[in-house]
Number of protein chains: 2
Amino acid sequence: MSVVVPGGPRRVPRATVGRLPVYLRALAALADQGVAVTSSRTLAAAAGVGSAQLRKDLSYLPAHGTPGVGYDVASLRQQLTGALGLTCQRRVVIVGVGHLGHALASYSGFAGTDFVVVGLVDADPRVVATTVAGLEVQPFERLAQVVKENGATIAVIATPQAVAQEVCDVVVAAGVTGVLNFAPRALRVPPAVDLRVVDLGSELQILAFHDRRRSDLSG
Amino acid sequence: MSVVVPGGPRRVPRATVGRLPVYLRALAALADQGVAVTSSRTLAAAAGVGSAQLRKDLSYLPAHGTPGVGYDVASLRQQLTGALGLTCQRRVVIVGVGHLGHALASYSGFAGTDFVVVGLVDADPRVVATTVAGLEVQPFERLAQVVKENGATIAVIATPQAVAQEVCDVVVAAGVTGVLNFAPRALRVPPAVDLRVVDLGSELQILAFHDRRRSDLSG
DNA sequence: TAGATTGTTAATCGATTAACAATC
DNA sequence: TAGATTGTTAATCGATTAACAATC
């Protein structure tokens, strides 16, 4: 049922997809300031990239600016919103309601207009049945049910690493198409499922790598 | 005072640096299982990458395996620990003690043996002077002092986006060499400062992009 | 020795950047 | 028109991958 427009939408490179949310945010800020038209130079600066890269990225979308003038903020915003699939709300289940899961459930960037947290699941009996961010935490046994009943398409894994793969298998079997993993362990998912990883410990170690080159005297 | 070994350490590519922590973690798991020697095939599988990529990555380090045998787990672990600069503990200051900052302060991946959280700072008078993860939260005015007094080299920014750049400027002026930004805003830092970004909202939007291609019928 | 696995090479692939003709 | 800015091309750069000679 896919519609192929002649000479139409090219495949959007992975690196470009990763920057679209940043552009969208910068556009929202400009719109809030009452800016109606902007240039690739201005928008790129706000997003922290080069103007050539911004124009290249936009060239993969049906978005178009006006040579000599720039881009209409409102319509470019709509284009990006559509490209990112934010026209309908995505439903998210968070598995693991420890400190991190708790924070994510309450995070405004997570529970905004584009995404809604529809389920919280934890294995700890002390956490189950408590209310977090307006939702009652469900036991692990109900995970598949929670995903299906609420039609969640995205699962956030914020559990200990030991159970992360098991959790992942359950949510994938239950039908989610995207997994965001915070557990410090490599997860296997079927090719059709999109997996993103946020590895907080690694981020610090990467910073330590660069720090090392300055402060360390040991060869 | 840098020691240049003839034919010695090449520049380690950015992408490789990003994978070293993952290898280190996989090695730790193997060591816990009592494995003494491993192959690039096994280790790569545990880390979720290809074996060719693992060997290529290790080729930038002075690490060496034995053809026909594999790698000694203990010594490869030491090599990676050294390469990442984890031989001495790095001191971390967390700015912004909301839900996320609170979670990070308590996160074991953050406050492990390699890193120690030495300061918590917040602007909210209701949060200042409370104790979180064993530390008293300091007021924003004391930020520069907290960084300097404790010799922090890494700052974690978990504040609202509106104040993130100001916080960043203060910690950089106070002498940190690495910044980990959780605020949804592009930050400017001097070239000598290493900046890493964790953009939680963007991660969900990127998942939505791929989800869109499945569920959306709109061209 | 025979079998296994490394370290490296060379080919491929994808991403970035600068430059500029086309356009308003 | 003159000045400005887009969209695209081509060149560069960096990362990945497969293959294999060297080595144990």
Side-chain angles (χ1 to χ4, degrees), chain A residues 5 7-23 26-27 30 35-73 75-76 79-80 83 186 191 206 209-210, chain B residues 5 7-20 22-23 26-27 30 35-73 75-76 79-80 83 186 191 197 206 209-210:
Chain A
V5 184
R10 291 136 284 192
R11 194 194 119 273
V12 183
R14 170 178 296 269
T16 295
V17 174
R19 284 185 294 266
L20 296 184
V22 180
Y23 300 153
L27 280 169
L30 287 174
V35 176
V37 176
T38 191
S39 66
S40 63
R41 206 157 174 278
T42 304
L43 183 55
V49 303
S51 69
Q53 182 157 83
L54 171 67
R55 291 198 302 277
K56 184 80 169 154
D57 284 338
L58 294 183
S59 75
Y60 297 105
L61 307 179
H64 282 284
T66 310
V69 178
Y71 299 88
D72 182 79
V73 170
S75 74
L76 184 54
Q79 290 276 2
L80 284 176
I206 294 167
F209 173 85
H210 294 283
Chain B
V5 184
R10 290 137 284 191
R11 194 194 121 273
V12 184
R14 168 177 298 270
T16 295
V17 174
R19 283 185 294 265
L20 297 184
V22 180
Y23 300 153
L27 280 169
L30 288 174
V35 177
V37 175
T38 190
S39 67
S40 63
R41 205 155 174 279
T42 304
L43 183 55
V49 303
S51 69
Q53 180 157 83
L54 172 67
R55 291 198 302 278
K56 183 78 170 155
D57 284 339
L58 294 183
S59 76
Y60 297 105
L61 306 179
H64 281 284
T66 310
V69 178
Y71 299 89
D72 182 79
V73 171
S75 74
L76 185 54
Q79 288 277 1
L80 284 176
V197 177
I206 293 166
F209 174 84
H210 294 283

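Below, chain A is the first sequence line, B the second, and so on; all start at residue 1. Just so it is clear, the structure is predicted and the values come from calculations on it, not from any experiment.
The CG-P distance, from Leu43(B) to dG7(C), rounds to 12 Å in whole Å. Summarising the geometry, the separation between CG on Leu54(A) and C1' on dG7(D) is reported as 12 Å, rounded to the nearest angstrom. Between Asp57(A) atom CG and dA15(C) atom C1' the separation is 10 Å, expressed in whole Å.
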Scan the side chains in residues 12-19 of chain B for donor-acceptor partners under 3.5 Å anywhere in the protein, sequence neighbours excluded, and list what turns up.
from     : atom 1 : to       : atom 2 : distance (Å)
Thr16(B) : OG1    : Asp57(B) : OD1    : 2.7
Arg19(B) : NE     : Asp57(B) : OD2    : 2.7
Arg19(B) : NH2    : Asp57(B) : OD1    : 3.1
Arg19(B) : NH2    : Asp57(B) : OD2    : 3.4

Pick out the pairs of N or O atoms, protein on one side and nucleotides 10-12 of chain C on the other, that lie under 3.5 Å.
none

Nucleotides 2-6 of chain D: which of its N/O atoms have a protein N/O under 3.5 Å away?
from   : atom 1 : to       : atom 2 : distance (Å)
dT5(D) : O4'    : Gly68(A) : N      : 3.0
dT5(D) : O2     : Gly68(A) : N      : 3.2
dT6(D) : OP1    : Ser40(A) : N      : 2.6
dT6(D) : OP2    : Ser40(A) : OG     : 2.6

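Against DNA chain C, the stretch residues 14-23 of chain A makes heavy-atom approaches under 4.0 Å through Arg14(A), Ala15(A), Arg19(A). Shown for residues 45-53 of chain B: no residue has heavy atoms falling under 4.0 angstrom of DNA chain C.
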Problem - Watson-Crick or G-U pairs under 3.5 Å in DNA chain C, rendered as dot-bracket with [ ] for crossing pairs and | for another strand - result: ..||||||||||||||||||||||
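Ala44(B) is linked by a side-chain contact (heavy atoms from CB on, under 4.5 Å) to Val49(B), Ser51(B), Leu54(B), counting only residues two or more places apart in sequence or in another chain. Residues satisfying the side-chain contact (heavy atoms from CB on, under 4.5 Å) criterion with Val73(B), sequence neighbours excluded, are Leu27(B), Ala31(B), Val35(B), Thr38(B). Thr66(B) meets the side-chain hydrogen bond (donor to acceptor under 3.5 Å, both in side chains) test with no other residue; sequence neighbours excluded. Partners of Ala63(A) under the side-chain contact (heavy atoms from CB on, under 4.5 Å) rule, at least two apart in sequence or in another chain, are Leu61(A), Leu76(A), Gln79(A).
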